[in-house]
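Right, one structure below, let's go through it.
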Number of protein chains: 2
Amino acid sequence: MSLEMNMKNHGYAILRNNIENTINLKINDEEFHAICSKMSPKILKKNKLFIQEGQYSDEVHFITKGACYAFDVDDKGDKHTFQFSIEEHWIGDLYSFFSGNLGIYNAETIEDTNFLVIKRKDFEKLCDDYPIFDRFFRILIQNAFVALQYRLVKSQTESAADRYKAFLKKTPHLLQRIPQYLIASYLGIKPQSLSRIKKDVLK
Amino acid sequence: MSLEMNMKNHGYAILRNNIENTINLKINDEEFHAICSKMSPKILKKNKLFIQEGQYSDEVHFITKGACYAFDVDDKGDKHTFQFSIEEHWIGDLYSFFSGNLGIYNAETIEDTNFLVIKRKDFEKLCDDYPIFDRFFRILIQNAFVALQYRLVKSQTESAADRYKAFLKKTPHLLQRIPQYLIASYLGIKPQSLSRIKKDVLK
DNA sequence: GTATTTCGTTCACATAGGTTAAGAAAATCG
DNA sequence: CGATTTTCTTAACCTATGTGAACGAAATAC
(Lines give C-alpha, C1' and ligand atoms only; values in the text may rest on other atoms or scores of the structure.)
Protein backbone atom coordinates (compact mmCIF):
# COMPACT_ATOMS: atom_id res chain seq x y z
CA MET A 1 0.00 0.00 0.00
CA SER A 2 1.42 3.38 -0.97
CA LEU A 3 2.02 6.22 1.44
CA GLU A 4 -0.75 8.15 -0.28
CA MET A 5 -3.19 5.33 0.39
CA ASN A 6 -1.98 5.03 3.93
CA MET A 7 -2.53 8.69 4.57
CA LYS A 8 -6.17 8.46 3.63
CA ASN A 9 -6.75 6.20 6.58
CA HIS A 10 -4.95 5.86 9.87
CA GLY A 11 -5.43 9.48 10.92
CA TYR A 12 -2.43 11.21 9.39
CA ALA A 13 -4.63 14.28 9.01
CA ILE A 14 -5.21 14.26 12.76
CA LEU A 15 -1.45 14.25 13.22
CA ARG A 16 -1.04 17.24 10.92
CA ASN A 17 -3.63 19.12 12.96
CA ASN A 18 -1.88 18.21 16.18
CA ILE A 19 1.42 19.54 14.86
CA GLU A 20 0.01 22.74 13.42
CA ASN A 21 -2.05 23.52 16.51
CA THR A 22 0.94 22.91 18.74
CA ILE A 23 3.40 25.14 16.91
CA ASN A 24 0.67 27.56 15.88
CA LEU A 25 2.00 27.49 12.32
CA LYS A 26 1.23 25.56 9.13
CA ILE A 27 3.80 23.01 8.02
CA ASN A 28 4.45 22.53 4.33
CA ASP A 29 3.74 19.33 2.41
CA GLU A 30 7.38 18.30 2.33
CA GLU A 31 7.58 18.45 6.10
CA PHE A 32 4.29 16.66 6.45
CA HIS A 33 5.37 13.89 4.13
CA ALA A 34 8.67 13.62 5.95
CA ILE A 35 6.99 12.86 9.25
CA CYS A 36 4.32 10.66 7.68
CA SER A 37 6.97 8.56 6.01
CA LYS A 38 8.45 7.85 9.44
CA MET A 39 5.26 7.08 11.33
CA SER A 40 3.65 3.67 10.98
CA PRO A 41 0.10 2.74 11.88
CA LYS A 42 -0.53 0.28 14.70
CA ILE A 43 -3.93 -1.06 15.72
CA LEU A 44 -4.61 -2.74 19.04
CA LYS A 45 -7.66 -4.25 20.70
CA LYS A 46 -8.85 -3.24 24.14
CA ASN A 47 -6.74 -4.26 27.17
CA LYS A 48 -3.51 -4.83 25.28
CA LEU A 49 -0.25 -4.09 27.08
CA PHE A 50 1.93 -2.29 24.52
CA ILE A 51 4.69 -0.79 26.67
CA GLN A 52 6.36 -2.97 29.22
CA GLU A 53 8.71 -2.24 32.07
CA GLY A 54 12.08 -3.94 31.61
CA GLN A 55 11.94 -3.82 27.81
CA TYR A 56 13.49 -1.21 25.57
CA SER A 57 10.86 1.28 24.51
CA ASP A 58 12.25 2.86 21.35
CA GLU A 59 9.05 4.32 19.94
CA VAL A 60 6.47 6.87 20.95
CA HIS A 61 2.80 6.54 20.08
CA PHE A 62 0.41 9.14 18.73
CA ILE A 63 -3.20 8.07 19.26
CA THR A 64 -5.60 8.69 16.39
CA LYS A 65 -8.50 6.80 17.97
CA GLY A 66 -9.07 5.15 21.33
CA ALA A 67 -7.76 5.49 24.86
CA CYS A 68 -4.90 4.13 26.96
CA TYR A 69 -3.11 4.63 30.22
CA ALA A 70 0.47 4.51 31.45
CA PHE A 71 1.33 3.06 34.81
CA ASP A 72 4.02 1.96 37.21
CA VAL A 73 3.89 -1.21 39.29
CA ASP A 74 5.19 -0.94 42.86
CA ASP A 75 6.94 -3.52 45.04
CA LYS A 76 3.62 -4.83 46.29
CA GLY A 77 2.38 -5.34 42.74
CA ASP A 78 -0.05 -2.41 42.86
CA LYS A 79 -0.50 -0.38 39.69
CA HIS A 80 -0.15 3.38 39.77
CA THR A 81 -1.56 5.20 36.77
CA PHE A 82 0.19 8.45 35.92
CA GLN A 83 -1.25 9.28 32.52
CA PHE A 84 -4.40 8.83 30.48
CA SER A 85 -4.14 9.42 26.75
CA ILE A 86 -6.86 9.61 24.14
CA GLU A 87 -6.97 10.52 20.45
CA GLU A 88 -4.73 13.43 19.45
CA HIS A 89 -2.35 12.80 22.31
CA TRP A 90 1.03 11.13 22.62
CA ILE A 91 2.07 8.34 24.93
CA GLY A 92 5.33 6.52 25.54
CA ASP A 93 7.98 5.58 28.06
CA LEU A 94 9.93 8.76 27.48
CA TYR A 95 12.57 7.74 29.97
CA SER A 96 13.48 4.72 27.88
CA PHE A 97 12.83 6.49 24.59
CA PHE A 98 15.15 9.41 25.26
CA SER A 99 17.84 7.63 27.29
CA GLY A 100 17.95 4.36 25.39
CA ASN A 101 17.87 2.50 28.72
CA LEU A 102 15.48 -0.30 29.64
CA GLY A 103 11.94 0.93 30.16
CA ILE A 104 10.51 1.60 33.60
CA TYR A 105 6.83 2.10 32.79
CA ASN A 106 3.93 0.19 31.28
CA ALA A 107 1.05 1.22 29.05
CA GLU A 108 -2.13 -0.55 28.08
CA THR A 109 -5.13 0.20 25.87
CA ILE A 110 -8.48 0.89 27.55
CA GLU A 111 -10.39 0.74 24.25
CA ASP A 112 -9.65 -0.54 20.74
CA THR A 113 -6.99 1.96 19.77
CA ASN A 114 -5.26 3.19 16.60
CA PHE A 115 -1.79 4.67 16.79
CA LEU A 116 0.86 6.18 14.60
CA VAL A 117 4.27 5.29 15.99
CA ILE A 118 7.71 6.70 15.41
CA LYS A 119 11.05 5.07 16.31
CA ARG A 120 13.77 6.96 18.16
CA LYS A 121 16.19 6.78 15.24
CA ASP A 122 13.56 8.21 12.88
CA PHE A 123 12.60 10.85 15.43
CA GLU A 124 16.22 11.97 15.66
CA LYS A 125 16.68 11.97 11.89
CA LEU A 126 13.51 14.00 11.48
CA CYS A 127 14.70 16.63 13.96
CA ASP A 128 18.11 16.77 12.28
CA ASP A 129 16.62 17.19 8.81
CA TYR A 130 13.73 19.50 9.66
CA PRO A 131 14.26 21.97 12.53
CA ILE A 132 10.51 22.51 12.62
CA PHE A 133 10.25 19.18 14.41
CA ASP A 134 12.69 20.26 17.08
CA ARG A 135 10.31 23.18 17.49
CA PHE A 136 7.25 20.97 17.49
CA PHE A 137 8.57 18.50 20.05
CA ARG A 138 9.95 21.32 22.17
CA ILE A 139 6.55 22.93 22.46
CA LEU A 140 4.78 19.60 22.85
CA ILE A 141 6.97 18.66 25.76
CA GLN A 142 6.94 22.17 27.23
CA ASN A 143 3.18 21.89 27.49
CA ALA A 144 3.40 18.42 28.95
CA PHE A 145 5.98 19.61 31.46
CA VAL A 146 3.87 22.51 32.66
CA ALA A 147 0.82 20.28 33.07
CA LEU A 148 2.83 17.63 34.89
CA GLN A 149 4.38 20.14 37.27
CA TYR A 150 0.93 21.44 38.09
CA ARG A 151 -0.20 17.90 38.87
CA LEU A 152 2.80 17.24 41.08
CA VAL A 153 2.12 20.40 43.06
CA LYS A 154 -1.58 19.63 43.39
CA SER A 155 -0.89 16.06 44.46
CA GLN A 156 1.02 17.53 47.38
CA THR A 157 -1.28 20.40 48.27
CA GLU A 158 -4.79 19.08 47.69
CA SER A 159 -6.80 16.38 49.43
CA ALA A 160 -7.89 13.35 47.42
CA ALA A 161 -11.44 14.74 47.40
CA ASP A 162 -10.28 18.03 45.89
CA ARG A 163 -8.18 16.21 43.31
CA TYR A 164 -11.23 14.18 42.35
CA LYS A 165 -13.37 17.30 41.98
CA ALA A 166 -10.66 18.92 39.86
CA PHE A 167 -10.50 15.81 37.68
CA LEU A 168 -14.29 15.87 37.21
CA LYS A 169 -14.19 19.51 36.27
CA LYS A 170 -11.21 19.32 33.94
CA THR A 171 -11.86 16.02 32.17
CA PRO A 172 -15.54 15.07 32.57
CA HIS A 173 -15.39 13.24 29.22
CA LEU A 174 -12.93 10.72 30.64
CA LEU A 175 -15.43 9.59 33.29
CA GLN A 176 -17.43 7.78 30.62
CA ARG A 177 -14.44 6.04 29.11
CA ILE A 178 -12.26 5.05 32.02
CA PRO A 179 -13.01 2.57 34.82
CA GLN A 180 -13.22 4.00 38.29
CA TYR A 181 -10.38 1.93 39.67
CA LEU A 182 -8.02 3.49 37.14
CA ILE A 183 -9.23 6.96 38.04
CA ALA A 184 -8.58 6.15 41.71
CA SER A 185 -5.11 4.95 40.79
CA TYR A 186 -4.50 8.16 38.81
CA LEU A 187 -5.59 10.22 41.82
CA GLY A 188 -3.18 8.28 44.00
CA ILE A 189 -5.79 6.51 46.12
CA LYS A 190 -7.48 3.10 46.35
CA PRO A 191 -10.82 2.37 44.65
CA GLN A 192 -12.46 1.99 48.07
CA SER A 193 -11.33 5.48 49.00
CA LEU A 194 -12.72 6.90 45.77
CA SER A 195 -16.07 5.29 46.54
CA ARG A 196 -16.00 6.89 49.97
CA ILE A 197 -15.08 10.26 48.48
CA LYS A 198 -17.85 10.12 45.87
CA LYS A 199 -20.37 9.47 48.64
CA ASP A 200 -19.09 12.48 50.57
CA VAL A 201 -19.05 14.74 47.47
CA LEU A 202 -22.80 14.18 47.07
CA LYS A 203 -23.52 15.57 50.52
CA MET B 1 30.54 47.50 30.00
CA SER B 2 31.01 45.62 26.73
CA LEU B 3 29.67 42.15 26.09
CA GLU B 4 33.24 40.86 26.01
CA MET B 5 33.86 42.25 29.49
CA ASN B 6 30.58 40.86 30.71
CA MET B 7 31.40 37.41 29.46
CA LYS B 8 34.58 37.27 31.48
CA ASN B 9 32.53 37.35 34.64
CA HIS B 10 29.00 36.28 35.38
CA GLY B 11 29.47 32.67 34.32
CA TYR B 12 28.76 32.78 30.60
CA ALA B 13 31.29 29.97 30.21
CA ILE B 14 29.20 27.85 32.56
CA LEU B 15 26.23 28.49 30.31
CA ARG B 16 28.15 27.38 27.23
CA ASN B 17 29.09 24.16 29.01
CA ASN B 18 25.49 23.58 30.01
CA ILE B 19 24.33 24.00 26.42
CA GLU B 20 27.04 21.83 24.89
CA ASN B 21 26.63 19.07 27.45
CA THR B 22 22.89 19.07 26.96
CA ILE B 23 22.87 18.82 23.17
CA ASN B 24 26.07 16.77 23.13
CA LEU B 25 27.44 19.05 20.44
CA LYS B 26 29.66 22.13 20.32
CA ILE B 27 27.99 25.39 19.41
CA ASN B 28 29.87 27.93 17.31
CA ASP B 29 30.89 31.37 18.49
CA GLU B 30 28.13 33.09 16.57
CA GLU B 31 25.51 31.01 18.33
CA PHE B 32 27.20 31.49 21.66
CA HIS B 33 27.33 35.25 21.21
CA ALA B 34 23.71 35.26 20.14
CA ILE B 35 22.53 33.71 23.38
CA CYS B 36 24.95 35.71 25.52
CA SER B 37 23.69 38.94 24.00
CA LYS B 38 20.20 38.03 25.19
CA MET B 39 21.05 36.90 28.71
CA SER B 40 21.63 39.46 31.42
CA PRO B 41 23.34 38.91 34.75
CA LYS B 42 21.34 39.24 37.96
CA ILE B 43 22.76 39.00 41.46
CA LEU B 44 20.64 38.43 44.54
CA LYS B 45 21.34 38.08 48.24
CA LYS B 46 20.12 35.13 50.28
CA ASN B 47 16.40 34.83 51.01
CA LYS B 48 15.20 37.06 48.18
CA LEU B 49 11.88 36.26 46.56
CA PHE B 50 12.46 36.66 42.82
CA ILE B 51 9.44 34.94 41.31
CA GLN B 52 6.04 35.75 42.69
CA GLU B 53 2.65 34.17 42.23
CA GLY B 54 0.16 36.58 40.66
CA GLN B 55 2.81 38.49 38.70
CA TYR B 56 3.82 37.92 35.11
CA SER B 57 6.97 35.87 34.97
CA ASP B 58 8.46 36.59 31.56
CA GLU B 59 11.99 35.41 32.17
CA VAL B 60 13.76 32.19 33.04
CA HIS B 61 16.86 32.07 35.20
CA PHE B 62 20.06 30.12 34.69
CA ILE B 63 22.03 29.87 37.94
CA THR B 64 25.79 30.35 37.70
CA LYS B 65 26.34 30.35 41.47
CA GLY B 66 24.13 29.75 44.49
CA ALA B 67 20.93 27.92 45.28
CA CYS B 68 17.20 28.57 45.21
CA TYR B 69 13.86 26.84 45.46
CA ALA B 70 10.49 27.10 43.77
CA PHE B 71 7.30 26.69 45.74
CA ASP B 72 3.55 26.93 45.79
CA VAL B 73 1.51 28.35 48.65
CA ASP B 74 -1.73 26.52 49.47
CA ASP B 75 -5.04 27.85 50.84
CA LYS B 76 -3.81 27.48 54.41
CA GLY B 77 -0.70 29.51 53.65
CA ASP B 78 1.62 26.50 53.75
CA LYS B 79 4.56 26.45 51.32
CA HIS B 80 5.13 23.42 49.11
CA THR B 81 8.56 23.22 47.54
CA PHE B 82 8.64 21.44 44.19
CA GLN B 83 12.12 22.26 42.93
CA PHE B 84 15.61 22.98 44.20
CA SER B 85 18.03 24.55 41.76
CA ILE B 86 21.75 25.15 42.11
CA GLU B 87 24.48 26.36 39.76
CA GLU B 88 24.24 25.05 36.19
CA HIS B 89 20.50 24.60 36.45
CA TRP B 90 17.51 26.57 35.25
CA ILE B 91 14.58 27.85 37.25
CA GLY B 92 11.44 29.76 36.38
CA ASP B 93 7.66 29.80 36.45
CA LEU B 94 7.41 27.98 33.14
CA TYR B 95 3.64 28.09 33.23
CA SER B 96 3.67 31.87 33.15
CA PHE B 97 6.73 32.04 30.91
CA PHE B 98 5.31 29.85 28.16
CA SER B 99 1.65 30.85 28.39
CA GLY B 100 2.06 34.54 29.07
CA ASN B 101 -0.51 34.25 31.86
CA LEU B 102 -0.10 35.47 35.42
CA GLY B 103 2.35 33.37 37.39
CA ILE B 104 1.24 30.65 39.78
CA TYR B 105 4.51 29.82 41.53
CA ASN B 106 7.13 31.49 43.70
CA ALA B 107 10.89 31.19 43.89
CA GLU B 108 13.38 32.41 46.44
CA THR B 109 17.15 32.29 46.88
CA ILE B 110 18.58 30.05 49.62
CA GLU B 111 22.09 31.48 49.25
CA ASP B 112 23.58 34.56 47.61
CA THR B 113 22.94 33.67 44.00
CA ASN B 114 24.10 34.78 40.54
CA PHE B 115 21.88 34.28 37.53
CA LEU B 116 21.79 34.83 33.82
CA VAL B 117 18.23 35.62 32.77
CA ILE B 118 16.50 35.59 29.41
CA LYS B 119 13.17 37.22 28.54
CA ARG B 120 10.44 35.32 26.70
CA LYS B 121 10.62 37.60 23.66
CA ASP B 122 14.37 37.08 23.42
CA PHE B 123 13.99 33.36 23.95
CA GLU B 124 11.52 33.16 21.07
CA LYS B 125 13.69 35.29 18.81
CA LEU B 126 16.68 33.13 19.60
CA CYS B 127 14.81 29.94 18.69
CA ASP B 128 13.54 31.53 15.48
CA ASP B 129 16.99 32.70 14.43
CA TYR B 130 19.02 29.69 15.55
CA PRO B 131 17.31 26.28 15.38
CA ILE B 132 20.05 24.92 17.62
CA PHE B 133 18.28 26.60 20.52
CA ASP B 134 15.01 24.85 19.70
CA ARG B 135 17.11 21.71 19.94
CA PHE B 136 18.77 22.79 23.16
CA PHE B 137 15.57 23.74 24.93
CA ARG B 138 13.84 20.64 23.62
CA ILE B 139 16.44 18.38 25.18
CA LEU B 140 16.66 20.47 28.33
CA ILE B 141 12.95 20.17 28.91
CA GLN B 142 12.82 16.54 27.81
CA ASN B 143 15.26 15.74 30.59
CA ALA B 144 13.32 17.84 33.06
CA PHE B 145 10.09 16.13 32.02
CA VAL B 146 11.48 12.63 32.49
CA ALA B 147 12.86 13.51 35.94
CA LEU B 148 9.60 15.16 36.96
CA GLN B 149 7.51 12.22 35.84
CA TYR B 150 9.71 9.92 37.86
CA ARG B 151 9.17 12.11 40.91
CA LEU B 152 5.41 12.16 40.43
CA VAL B 153 5.31 8.38 40.23
CA LYS B 154 7.55 7.96 43.27
CA SER B 155 5.50 10.46 45.27
CA GLN B 156 2.54 8.14 44.74
CA THR B 157 4.25 4.80 45.20
CA GLU B 158 6.82 5.36 47.94
CA SER B 159 6.47 6.15 51.64
CA ALA B 160 7.87 9.43 52.93
CA ALA B 161 10.72 7.48 54.55
CA ASP B 162 11.68 5.91 51.22
CA ARG B 163 11.48 9.25 49.46
CA TYR B 164 13.80 10.69 52.09
CA LYS B 165 16.29 7.86 51.65
CA ALA B 166 16.17 8.33 47.86
CA PHE B 167 16.76 12.05 48.30
CA LEU B 168 19.78 11.36 50.53
CA LYS B 169 21.18 8.93 48.03
CA LYS B 170 20.57 11.03 44.93
CA THR B 171 21.43 14.50 46.21
CA PRO B 172 23.55 14.20 49.36
CA HIS B 173 25.26 17.50 48.50
CA LEU B 174 21.98 19.36 48.95
CA LEU B 175 21.71 18.28 52.60
CA GLN B 176 24.50 20.71 53.51
CA ARG B 177 22.97 23.64 51.66
CA ILE B 178 19.25 23.39 52.26
CA PRO B 179 17.36 23.76 55.54
CA GLN B 180 15.50 20.70 56.75
CA TYR B 181 12.08 22.29 56.66
CA LEU B 182 12.48 22.92 52.94
CA ILE B 183 13.54 19.34 52.37
CA ALA B 184 10.46 18.19 54.29
CA SER B 185 8.33 20.46 52.12
CA TYR B 186 9.98 19.04 48.98
CA LEU B 187 9.22 15.51 50.17
CA GLY B 188 5.60 16.48 50.73
CA ILE B 189 5.62 16.18 54.51
CA LYS B 190 5.85 18.43 57.59
CA PRO B 191 9.16 19.17 59.34
CA GLN B 192 7.95 17.25 62.40
CA SER B 193 7.37 14.19 60.25
CA LEU B 194 10.84 14.45 58.75
CA SER B 195 12.31 14.57 62.26
CA ARG B 196 10.38 11.44 63.13
CA ILE B 197 11.51 9.71 59.93
CA LYS B 198 15.17 10.58 60.49
CA LYS B 199 14.98 9.04 63.94
CA ASP B 200 13.49 5.84 62.51
CA VAL B 201 16.04 5.68 59.67
CA LEU B 202 18.88 5.48 62.21
CA LYS B 203 17.44 2.35 63.80
C1' DG C 1 28.23 39.55 72.78
C1' DT C 2 23.69 39.49 74.10
C1' DA C 3 18.90 39.46 72.54
C1' DT C 4 15.82 37.73 69.37
C1' DT C 5 14.19 35.07 65.94
C1' DT C 6 14.29 30.84 63.35
C1' DC C 7 15.01 25.94 63.19
C1' DG C 8 14.91 21.19 64.67
C1' DT C 9 13.09 17.80 67.88
C1' DT C 10 9.83 15.41 70.72
C1' DC C 11 5.37 14.16 72.28
C1' DA C 12 0.21 13.40 72.66
C1' DC C 13 -3.55 13.36 70.04
C1' DA C 14 -6.32 13.80 65.43
C1' DT C 15 -7.45 12.37 60.76
C1' DA C 16 -7.16 10.99 55.80
C1' DG C 17 -6.62 7.29 53.50
C1' DG C 18 -5.16 2.14 53.52
C1' DT C 19 -6.59 -2.72 54.50
C1' DT C 20 -9.47 -6.59 54.61
C1' DA C 21 -13.59 -8.65 53.72
C1' DA C 22 -18.14 -9.22 51.86
C1' DG C 23 -21.92 -8.42 48.90
C1' DA C 24 -24.25 -5.91 45.00
C1' DA C 25 -24.02 -4.33 40.36
C1' DA C 26 -22.24 -4.38 35.93
C1' DA C 27 -19.73 -6.26 32.14
C1' DT C 28 -18.22 -10.14 29.54
C1' DC C 29 -18.35 -14.83 27.91
C1' DG C 30 -20.12 -19.10 26.13
C1' DC D 1 -29.86 -16.03 27.64
C1' DG D 2 -27.67 -17.57 32.11
C1' DA D 3 -22.90 -18.13 34.07
C1' DT D 4 -18.78 -16.13 35.28
C1' DT D 5 -15.74 -12.55 36.02
C1' DT D 6 -14.82 -7.88 36.95
C1' DT D 7 -15.95 -3.64 39.07
C1' DC D 8 -18.04 -0.83 42.60
C1' DT D 9 -19.68 -0.06 47.24
C1' DT D 10 -19.90 -0.39 52.19
C1' DA D 11 -18.10 -1.06 56.73
C1' DA D 12 -14.86 -1.97 60.68
C1' DC D 13 -10.47 -1.46 61.86
C1' DC D 14 -5.39 0.12 61.09
C1' DT D 15 -1.41 3.21 60.10
C1' DA D 16 1.24 7.03 58.29
C1' DT D 17 1.34 11.52 58.52
C1' DG D 18 -0.76 15.96 60.25
C1' DT D 19 -1.53 19.15 64.28
C1' DG D 20 -0.42 21.86 68.17
C1' DA D 21 2.48 22.78 71.77
C1' DA D 22 6.79 22.93 74.26
C1' DC D 23 11.74 23.32 74.49
C1' DG D 24 16.65 23.51 73.33
C1' DA D 25 19.93 24.69 69.65
C1' DA D 26 21.41 27.42 66.07
C1' DA D 27 21.47 31.42 63.37
C1' DT D 28 20.80 36.27 62.89
C1' DA D 29 20.30 40.96 64.33
C1' DC D 30 21.46 44.76 67.10
Side-chain angles (χ1 to χ4, degrees), chain A residues 45-49 67 69 71-81 84 108-112 153-168 174-203, chain B residues 44-49 67 69 71-81 84 108-112 154-168 174-203:
Chain A
K45 288 279 175 202
K46 189 174 176 169
N47 297 328
K48 296 293 172 206
L49 189 69
Y69 71 107
F71 61 99
D72 177 65
V73 180
D74 70 20
D75 302 337
K76 291 193 292 187
D78 290 344
K79 288 182 180 184
H80 298 267
T81 302
F84 293 123
E108 193 171 316
T109 53
I110 297 174
E111 306 170 352
D112 294 355
V153 168
K154 292 305 178 189
S155 79
Q156 285 196 6
T157 57
E158 287 186 339
S159 67
D162 287 343
R163 277 177 276 142
Y164 176 63
K165 285 181 215 156
F167 182 86
L168 283 190
L174 291 185
L175 264 199
Q176 275 51 312
R177 298 173 70 173
I178 296 175
Q180 213 114 86
Y181 69 95
L182 285 183
I183 294 175
S185 160
Y186 179 84
L187 295 173
I189 57 178
K190 299 286 160 183
Q192 298 93 315
S193 298
L194 182 52
S195 274
R196 174 161 44 194
I197 283 167
K198 283 174 64 183
K199 205 167 45 163
D200 294 349
V201 165
L202 290 179
K203 284 179 194 160
Chain B
L44 290 178
K45 289 278 175 202
K46 188 174 177 169
N47 297 328
K48 296 293 171 206
L49 189 69
Y69 71 108
F71 61 100
D72 178 64
V73 179
D74 70 20
D75 303 337
K76 291 193 291 186
D78 290 344
K79 289 183 180 185
H80 298 267
T81 301
F84 294 123
E108 193 171 315
T109 53
I110 297 174
E111 307 169 352
D112 295 355
K154 292 305 177 188
S155 80
Q156 285 196 5
T157 56
E158 287 185 340
S159 67
D162 287 342
R163 276 177 276 144
Y164 176 62
K165 285 180 215 158
F167 182 86
L168 283 190
L174 291 186
L175 264 199
Q176 274 52 309
R177 298 173 70 174
I178 296 177
Q180 213 112 84
Y181 70 94
L182 285 183
I183 294 176
S185 160
Y186 179 83
L187 296 173
I189 58 179
K190 299 287 158 181
Q192 297 95 315
S193 297
L194 182 52
S195 273
R196 173 161 44 195
I197 284 167
K198 284 173 65 182
K199 205 167 46 164
D200 294 349
V201 165
L202 290 180
K203 284 181 195 159

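Worth saying up front: this structure is predicted, and the values here are computed from it rather than measured. In what follows, chains carry the letters A, B, and so on, assigned in the order in which the sequence lines appear, proteins first and then strands, with residues in each chain numbered from 1.
At a threshold of 4.5 Å between non-hydrogen side-chain atoms, the residues B:H80 and A:V153 do not count as touching.
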Report all interatomic pairs (protein N or O, nucleotide N or O of nucleotides 14-21 of chain C) with separations under 3.5 Å.
unit_1: C:dG17; atom_1: OP1; unit_2: A:A160; atom_2: N; d: 2.8
unit_1: C:dG18; atom_1: OP2; unit_2: A:K190; atom_2: N; d: 3.2
unit_1: C:dG18; atom_1: OP2; unit_2: A:S193; atom_2: OG; d: 2.6
unit_1: C:dG18; atom_1: N7; unit_2: A:R196; atom_2: NH2; d: 2.9
unit_1: C:dG18; atom_1: O6; unit_2: A:R196; atom_2: NH1; d: 3.0
unit_1: C:dG18; atom_1: O6; unit_2: A:R196; atom_2: NH2; d: 3.4
unit_1: C:dT19; atom_1: OP1; unit_2: A:K76; atom_2: NZ; d: 2.7
unit_1: C:dT20; atom_1: O4; unit_2: A:Q192; atom_2: NE2; d: 3.2

Please list each protein N or O that sits under 3.5 Å from an N or O in nucleotides 6-8 of chain C, with the distance.
unit_1: C:dC7; atom_1: OP1; unit_2: B:Y181; atom_2: OH; d: 2.9
unit_1: C:dG8; atom_1: OP1; unit_2: B:Q180; atom_2: N; d: 2.8
unit_1: C:dG8; atom_1: OP2; unit_2: B:Y181; atom_2: N; d: 3.1

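The distance from atom CG of B:D200 to atom C1' of C:dT9 is 13 Å, rounded to the nearest whole Å. Regarding A:R177, its CZ atom lies at a distance of 16 Å from the P atom of C:dA27, rounded to whole Å. Atom-to-atom, CD1 of B:I183 to P of C:dT9 comes out at 11 Å; the value is rounded to the nearest Å. We find that NZ of A:K199 is positioned 8 Å from C1' of D:dA11, with the value rounded to whole Å. C:dC29 atom C1' lies 13 Å from atom NZ of A:K46, rounded to whole Å.
Between A:K190 and A:D78, at least one side-chain nitrogen of the basic residue sits less than 4.0 Å from a carboxylate oxygen of the acidic one, meeting the salt-bridge criterion.
Across all their heavy atoms, B:T81 and B:F71 have their closest contact at CA-CB, 3.9 Å.
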Step-by-step side-chain contact (heavy atoms from CB on, under 4.5 Å) determination, A:I197 to A:I189: CA-CA 10 Å; A:I197 283 167; A:I189 57 178; 3.7 Å; yes
Intermediate values then yes/no, side-chain contact (heavy atoms from CB on, under 4.5 Å), A:K198 and A:Y164: CA-CA 9 Å; A:K198 283 174 64 183; A:Y164 176 63; 3.5 Å; yes
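Aromatic rings of A:Y186 and A:F167 (six-membered ring for Trp) have centroids within the 6.0 Å cut-off, being under it.
Interatomic distance, B:L194 CG to B:Y181 OH, rounded to the nearest 0.5 Å: 13.5 Å.
No option in B:L187, B:I110, B:L174 other than B:I110 meets the side-chain contact (heavy atoms from CB on, under 4.5 Å) test with B:L182.
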